[in-house]
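Working notes, structure below.
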Amino acid sequence: MWLRPNRMLSRRGLVRLIMILVALALMTAGLGAWQGNVFAPLFAVIESVAVACALSVAWRAGDRGERITIDEASLEVQSLPGRRCMRFQSYWVRVLLEPGDGRQRLLLTSHGNALEIGAFLAEQERVELSKKLMVLLSAIRGQRRR
């Protein structure tokens with residue numbers, strides 16, 4: 001399974017949004033300069049750079065994700081970007097929904113180790129993911145008993 005945050009804006013859309021915001025700021029600064037505020041264009045440029053940087057950082061946060069791989073022997077969670085990987089024995093791993101920080105946290109626990117997954121997902125998505133993981137893990141446990 002691939003867990004990824006919802007990204008409503010493509011890279012092209014982000015560039016268009018930034019261009020529109022810069023154009024509006026410069027038009028407003030032009031009107032201010034025409035009325036005598038000679039510093040308005042300078043502040044508009046500074047504001048435009050700050051807004052563009054902030055939007056870019058927020059957009060790049062959508063690149064994060066998690067890949068969950070389940071087989072008979074293990075459940076593996078790999079965090080992306082980066083290479084942090086944690087592996088649990090699929091027979092012993094437990095899926096928990098715990099309250100914390102005003103939202104429910106989805107935890108995988110086994111042998112004293114715990115890992116929060118799907119922190120970037122909406123509340124309902126975390127609940128659905130926990131149910132899906134429980135079904136998959138119980139199916140794997142059922143196959144082992146036979």
Side-chain angles (χ1 to χ4, degrees), residues 1-140:
M1 285 185 275
W2 285 92
L3 303 179
R4 300 190 69 82
N6 294 328
R7 183 183 275 176
M8 299 299 291
L9 198 59
S10 66
R11 180 175 290 279
R12 187 179 195 178
L14 176 69
V15 170
R16 285 183 181 171
L17 175 65
I18 289 172
M19 288 173 44
I20 289 170
L21 291 175
V22 167
L24 289 172
L26 291 177
M27 284 179 14
T28 304
L31 286 172
W34 179 60
Q35 293 179 353
N37 185 356
V38 294
F39 295 112
L42 173 67
F43 289 122
V45 168
I46 293 170
E47 176 204 16
S48 297
V49 169
V51 168
C53 288
L55 286 174
S56 297
V57 167
W59 190 83
R60 264 188 250 122
D63 286 342
R64 64 188 170 165
E66 295 169 344
R67 184 176 66 180
I68 301 173
T69 308
I70 302 174
D71 60 22
E72 291 180 10
S74 66
L75 182 147
E76 181 178 292
V77 179
Q78 182 179 11
S79 298
L80 304 169
R83 299 291 178 220
R84 187 181 66 132
C85 185
M86 192 156 185
R87 186 175 304 213
F88 298 96
Q89 292 177 353
S90 59
Y91 192 78
W92 296 105
V93 68
R94 293 185 317 167
V95 180
L96 303 172
L97 276 173
E98 290 186 351
D101 298 334
R103 62 178 180 83
Q104 285 187 329
R105 298 173 56 209
L106 178 55
L107 298 174
L108 299 176
T109 63
S110 177
H111 296 94
N113 296 323
L115 176 68
E116 180 178 4
I117 61 171
F120 48 81
L121 297 175
E123 188 80 26
Q124 184 61 32
E125 292 173 321
R126 277 193 298 277
V127 171
E128 290 174 19
L129 176 62
S130 71
K131 290 177 184 175
K132 188 173 187 175
L133 285 173
M134 285 182 206
V135 167
L136 290 172
L137 288 169
S138 66
I140 288 174

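Here, residue 1 is the first one in the sequence, and each next residue gets the next number.
- A distance of 9.0 Å separates OG of Ser110 from CZ of Arg94, quoted to the nearest 0.5 Å.
- To the nearest 0.5 Å, the span separating OG1 on Thr109 from CH2 on Trp92 amounts to 12.5 Å.
- Between the CD1 atom of Ile70 and the CG atom of Leu136 there is a distance of 4.5 Å, given to the nearest 0.5 Å.
- Sorted pairs that involve residues 28-49 and meet side chain to side chain donor-acceptor pair (under 3.5 Å), not counting sequence neighbours, are lacking altogether.
- Closest heavy-atom contact between Asn113 and Phe88: O-CE2, 4.0 Å.
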Residue pair Leu96, Leu108: steps toward the side-chain contact (heavy atoms from CB on, under 4.5 Å) verdict: CA-CA 6 Å; Leu96 303 172; Leu108 299 176; over 6 Å; no
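- Taking CH2 from Trp2 and CD1 from Ile68, the interatomic distance works out to 11.0 Å, rounded to the nearest 0.5 Å.
- Listed by first then second residue, pairs satisfying side chain to side chain donor-acceptor pair (under 3.5 Å) with a partner in residues 56-67 read Arg7-Asp63, Arg67-Gln78, not counting sequence neighbours.
- Ala29 approaches Ala44 most closely through the heavy-atom pair CB-CB, 3.4 Å.
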Sequence neighbours excluded and cut-off under 3.5 Å, please list the side-chain donor-acceptor pairs for residues 114-124, or say none.
| from | atom 1 | to | atom 2 | distance (Å) |
| --- | --- | --- | --- | --- |
| Glu116 | OE1 | Arg105 | NE | 3.3 |
| Glu116 | OE2 | Arg103 | NH1 | 3.1 |
| Glu116 | OE2 | Arg103 | NH2 | 3.0 |
| Glu123 | OE1 | Gln104 | N | 3.4 |
| Glu123 | OE1 | Arg126 | NH2 | 3.0 |
| Glu123 | OE2 | Gln104 | N | 3.3 |

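- Pairing each heavy atom of Leu137 with each of Ser90, the nearest pair is CD2-O, 3.7 Å.
- The shortest heavy-atom contact between Pro41 and Val38 is CD-O, 3.5 Å.
- Side-chain contact between Leu129 and Val95: absent, with no pair of heavy atoms (C-beta onward) separated by less than 4.5 Å.
- The CD1 atom of Ile140 lies 7.5 Å from the CG atom of Leu75; values are rounded to the nearest 0.5 Å.
- Looking at heavy atoms from C-beta onward, Leu55 lies in side-chain contact with Leu21 at the 4.5 angstrom threshold.
- Taking OG of Ser10 as the start and CZ of Arg16 as the end, the distance is 7.5 Å to the nearest 0.5 Å.
- Considering Val77, Leu133, Thr69 as possible partners of Met1, the one that fulfils the side-chain contact (heavy atoms from CB on, under 4.5 Å) test is Leu133.
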